[in-house]
There are 2 protein chains.
Amino acid sequence: MNSPKDDIDRIFHALGDPTRRALVERLSAGPQSVSSLATPLDVTLTAVMQHLQVLEESGLVRTEKIGRVRTCRVEPAGFAVLQKWLSDRRSMWERNLDLLGDFLAEEE
Amino acid sequence: MNSPKDDIDRIFHALGDPTRRALVERLSAGPQSVSSLATPLDVTLTAVMQHLQVLEESGLVRTEKIGRVRTCRVEPAGFAVLQKWLSDRRSMWERNLDLLGDFLAEEE
DNA sequence: GGGATTGTCAAGTAGAAACTTCAGTATTCT
DNA sequence: AGAATACTGAAGTTTCTACTTGACAATCCC
């Protein structure tokens with residue numbers, strides 16, 4: 001019962017928050033621990049944890065705890081869903097423009 | 001003073017709402033009036049108007065009023081910004097994987 | 001002109017989301 | 001063992017957001 005519709009919902013919701021997007025951007029440069037992610041941000045560690053949980057549930061980020069440190073990294077598969085949504089939209093309106101072109105061509 | 005950072009912020013925020021995403025998806029199939037967009041949705045016309053305003057401010061949708069009807073259509077340029085953000089992230093983590101590969105190769 | 005259609009504006013409300021504090025646990029370091 | 005580090009969980013607060021209602025304006029149709 002985990003439809004792709006829900007996936008894309010969670011993904012866009014996750015990226016809708018600027019702090020979470022900043023986390024993703026920093027993780028794109030490479031894996032990091034929770035506290036190193038928190039350091040430059042002016043929010044508490046708890047807040048960062050909550051953001052990471054949202055990101056993880058959306059499938060954009062994967063985390064793994066070893067010893068007492070939890071390492072976070074980007075999960076490319078999540079981004080593939082986003083890329084697909086974008087491509088689907090584009091192909092839709094491009095098809096419409098083509099149809100319009102055909103129509104106009106037949107007019108003359 | 002309209003940095004690309006703000007652009008991407010508005011774009012992701014706009015798409016973070018499922019109703020707005022539904023509007024975008026339907027507009028991808030072709031231009032529509034506000035009321036025809038509102039009909040299948042179980043929210044008021046006013047709510048749809050508010051969503052469209054957010055979408056327009058984000059640059060994802062363009063609207064034009066002729067007579068009493070406002071026609072809405074997708075604005076591809078807005079999506080290009082989104083596509084670029086996505087490509088930038090991907091190229092970042094791909095580069096990192098390459099570097100990791102090089103490092104591992106030198107190990108042996 | 002009069003009624004129906006289509007959209008706009010202002011103000012208010014309910015629920016969601018982000019963030020905080022604080023207390024607690026597991027792990028590592030000395 | 002004791003102190004420091006890194007995170008976890010529960011609970012409360014505040015700010016934001018989606019949505020509504022109701023009054024109003026412009027346009028179209030008969």
Colleague: Where do A/Leu37 and A/Arg26 come nearest, in terms of heavy atoms and distance?
Modeller: O-NH1, 2.9 Å

Colleague: Going by distance alone, is a donor N or O of one side chain under 3.5 Å from an acceptor N or O of the other, for B/Ser87 and B/Gln83?
Modeller: yes

Colleague: Please list each protein N or O that sits under 3.5 Å from an N or O in nucleotides 15-20 of chain D, with the distance.
Modeller:
| residue | atom | partner | partner atom | Å |
| --- | --- | --- | --- | --- |
| D/dA18 | OP1 | B/Arg20 | NH2 | 2.8 |
| D/dA18 | OP2 | B/Arg20 | NH1 | 3.3 |
| D/dC19 | OP2 | B/His51 | NE2 | 2.2 |
| D/dT20 | OP2 | B/Thr44 | N | 2.8 |
| D/dT20 | OP2 | B/Thr44 | OG1 | 2.9 |
| D/dT20 | O4 | B/Gln50 | NE2 | 3.1 |

Colleague: Quick check: closest heavy atoms across A/Arg20 and A/Ala14, and the distance to 0.1 Å?
Modeller: NE-O, 2.8 Å

Colleague: Tell me the closest heavy-atom pair linking A/Cys72 and A/Leu27, and the distance in Å.
Modeller: O-CD2, 3.4 Å

Colleague: Should A/Val54 and A/Val48 be counted in the same cluster of Ile, Leu, Val, Met, Phe, Trp and Tyr side chains packed under 4.5 Å apart?
Modeller: no

Colleague: Going by heavy atoms closer than 4.0 Å, what residues in residues 31-40 of chain B are next to DNA chain C?
Modeller: B/Ser33, B/Val34, B/Ser35

Colleague: What is the distance, rounded to the nearest whole Å, between atom CD of B/Glu56 and atom P of C/dG7?
Modeller: 13 Å

Colleague: Please give, in whole Å, the distance from D/dA10 C1' to A/Met49 CE?
Modeller: 13 Å

Colleague: Could you tell me which non-hydrogen atom of B/Arg89 sits nearest to which non-hydrogen atom of A/Ser28, and how far apart they are?
Modeller: CD-OG, 3.4 Å

Colleague: Taking A/Asp88 first and then A/Lys84, would you say they form a salt bridge - that is, a charged N and a carboxylate O separated by under 4.0 Å?
Modeller: yes

Colleague: Testing the 3.5 Å rule here: is there a donor-acceptor pair between the side chains of B/Glu64 and B/Thr71?
Modeller: no

Colleague: On a heavy-atom basis, which atom in B/Ser58 and which in B/Ile11 lie closest, and how many Å separate them?
Modeller: O-CG1, 3.5 Å

Colleague: Please report, rounded to the nearest Å, how far the P atom of C/dA16 is from the CG atom of A/Asp9.
Modeller: 14 Å

Colleague: Any sub-3.5 Å donor-acceptor pair from A/Arg62's side-chain atoms to A/Arg73's backbone N or O?
Modeller: no

Colleague: Write down the protein N/O and nucleotide N/O pairs, taken from nucleotides 26-30 of chain D, whose separation is under 3.5 Å; answer none if there are no such pairs.
Modeller:
| residue | atom | partner | partner atom | Å |
| --- | --- | --- | --- | --- |
| D/dT27 | O2 | B/Arg68 | NH1 | 3.1 |

